[in-house]
Each structure stands twice: as C-alpha cells, then as structure tokens.
Amino acid sequence: MPAQDPRRAPPLFPRSILAGPTLDAARALLGARLVRAPDDSGGTRRVGRIVEVEAYIGEEDRASHARMGPTARNGVMFGPPGAAYVYLVYGMHHCLNVVTEHAPRPAAVLIRAVEPLEGADAMRAARDAASGRARPAPAAGEARGTASAMIPAPARRYVADARLAAGPGLVAAAFSVDRSHTGIDLCDPASPLRLEAAPAGERTWAVEATPRIGIGYAGEPWASVPWRLIVTGSPALSGRRR
DNA sequence: GCAAAGATTTGCT
DNA sequence: GCAAATCTTTGCC
C-alpha cells in the first residue's frame, strides 16, 4: 500500500456532519481527532482520539444548558455548527462541546473522553497547570517576570497516558481549554483547537449507547435517553477504573 | 439582592 | 463510599 503523502493537508472534520442531526454527529465524532496546536501552554502538538461523547439536543432537552432559552452563557449553542462551547462546572472544571445543527436550533456534543495519541507530556503539564499544582514562582523583589521559574509539582498518583483525558473536565485540562475558547471554529484548520477526521482506512470500532452522566435533575425521559456514546473497550473512558 | 445547585474530580475513611 | 473544593448561573424574594 502506498505511503501517504506527508505534505497532504490533514483530513478536516466535515462541518456538514455537524450540521446534521446531533446523534449522527455524535456518532461520527467517535474516532475523530481533537487537535491542539502548539502554543505557550504546551510546546508540542497535542492530539487525542475521541472515545466518549454526549448529545444535548434542543431547548426541549431538560438536561441541556439550552433548556431556559438563549442566555449569555449558552448563546453559542444557538449559533452555527462547528463552534466550541466551553463552560465551567462546579466552579472548577471546564467542559468542551461541539455545536451542532443549524441556527437557531440549540444543540451540542460534549467531548467526555479522548485517548492521547500525541503530546502526552504536554497534557500532563497542562493538567498540573489547570489544577494549580505547578504554580509560577513568587516574584523576587524587582526581578519580576521570570515566567519560566515554576515550583515543581508535588508528587501525585501515577496516571497512565490512556487516563490523561478520561473525563470531560480532564479533556479540557489536558488540552488547555477554557471559556475563552467559546465561539472558535473547530472546523477551521487555523484554529488553535480543532477537529480532524480519523485517517482513512482506520478500522471501525464498536459503539455503545448509555444514559448521560450526572443529569438526574432533568427527569424523565431525559435522564434515561441513551445519548452517551462510547467506543467499546477503550481504556480512556471516563469513570473510575476497577 | 441572596441562596442554591451544578453536563466533575480527587482524596480520605 | 463519601464529601470537599470552588464560583458561575439561575431562581426566587
């Protein structure tokens, strides 16, 4: 089989899929790549394979942030597909969503877990930064601004590469995503954070559907609809391991 | 203007 | 297995 031309542009994730029904988009996002371009927060490119997502569909979905209509927080959900929607939960964790369907219908897919493929070290550093474990050294008198001086992170429990982004808050932390990313176009190859399609020929994977996590307040049927989709058997799925 | 809960993660009991 | 950490957004007075 011929080697792929390395100069070829990365396979973009098609916006047309995100513009379609949200459950179809969610299914298609499994296996796709979440890509973080190199920047100040991490010197290397970070890439992860999406293995767990949840769909939030329409104003009628009582588990969705769109349930109370457009607000300052959720406004981007009512906009065009492909935009990032990032919010803060529990006052400390960020969650990354991909906006789906056509404006003004509000819908999005929450990226709950990815399998690291590139840049695991940068992901570890970003997690430490997000959790405040590695802090900038205190300014010493007039010699301020030595941004490279960092207090080493205290010892912490070992985390396997596959578990670095095994949860929605961890995905955002590992990829240095926060609310400032809300509204950026995830289908634009120039965006610092973007989606890419899985390489052609990558083998297919089994998918399972389960109820969504942590939305019991929504009541039925919303609490039970199987709108959480996972790649069967992935070591990077959210939740505590046995 | 204030009180309550949240699309989570972690560490300790 | 349970509770703390932490702050924005929403709901009600």
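Letters go in sequence order (proteins before strands), and every chain restarts at 1.
- Going from atom CG of A/Leu164 over to atom P of B/dT9 covers 13 Å, rounded to whole Å.
- One interatomic measurement links the two molecules: CG of A/Leu170 to C1' of B/dT9, which rounds to 7 Å at whole-angstrom precision.
- For A/Tyr87 against B/dA7, a side-chain-to-base donor-acceptor contact under 3.5 Å is present.
- Regarding contacts with the backbone of C/dT9, every side-chain N or O of A/His65 stays at 4.0 angstrom or more from both OP1 and OP2.
- Between A/Arg73 and the phosphate of C/dC7, there is no side-chain N or O to OP1/OP2 separation shorter than 4.0 Å.
- At whole-Å resolution of the value, NE2 in A/His94 and P in C/dT6 are 14 Å apart.
- Summarising the geometry, the separation between OH on A/Tyr90 and C1' on B/dA7 is reported as 7 Å, rounded to the nearest angstrom.
- In this model, the phosphate group of C/dT10 is approached by a side-chain N or O of A/Thr71 to a distance below 4.0 Å at OP1 or OP2.
- The distance between atom CD1 of A/Ile213 and atom C1' of B/dG6, rounded to the nearest whole Å, is 15 Å.
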request  = Check the pair A/Glu202, A/Arg33 against salt bridge (charged side-chain N to carboxylate O under 4.0 Å, His left out), reporting the backbone distance first and the verdict last.
outcome  = CA-CA 12 Å; A/Glu202 187 169 287; A/Arg33 270 48 167 170; 2.7 Å; yes
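- When the P atom is compared between B/dA4 and C/dA4, the two are found 16 Å apart, to the nearest whole Å.
- Under a cutoff of 6.0 Å and an axis angle of 45°, A/Arg49 and A/Trp205 form a cation-pi pair.
- Of the options A/Arg127, A/Arg112, A/Met123, a side-chain contact (heavy atoms from CB on, under 4.5 Å) to A/Leu170 is made by A/Arg127 and by none of the others.
- Searching all strands for a Watson-Crick or G-U wobble partner of B/dA7 with both distances below 3.5 Å returns nothing.
- Atoms CZ (A/Arg62) and C1' (B/dA5) sit 15 Å apart, rounded to a whole Å.
- In the set B/dG11, C/dC7, B/dA7, the nucleotide with an atom closest to the side chain of A/Leu88 is C/dC7.
- If you check C/dT6 for Watson-Crick or wobble pairing at under 3.5 angstrom, you find it has no partner at all.
- Across B/dA7, C/dT6, B/dT9, the shortest atom-to-atom separation from the side chain of A/Leu110 is found for B/dA7.
- Going from the C1' atom of B/dA5 to that of C/dA3 covers 16 Å, rounded to whole Å.
- Within the nucleic acid shown, A/Arg179 comes within 4.0 Å of sugar-phosphate atoms alone, with no base atom in reach, counting heavy atoms only.
- Remark: side-chain polar atoms of A/Asn97 are paired, donor with acceptor, to backbone N or O of A/Tyr85 under 3.5 angstrom.
- At whole-Å resolution of the value, CG in A/Asp178 and P in C/dC7 are 14 Å apart.
- Look at A/Arg240 and you won't find any side-chain N or O under 4.0 angstrom from OP1 or OP2 of C/dG1.
- In this structure, A/Met68 places its CE atom 15 Å from P of B/dA5, rounding to the nearest Å.
- When atom types are taken as modelled, the side chain of A/Asp61 and the backbone of A/Tyr56 share no donor-acceptor pair closer than 3.5 angstrom.
- In the set B/dA7, B/dT9, C/dA5, B/dT9 carries the atom at the smallest distance from any side-chain atom of A/Pro168.
- No side-chain donor-acceptor contact under 3.5 Å links A/Ser64 and A/Glu59.
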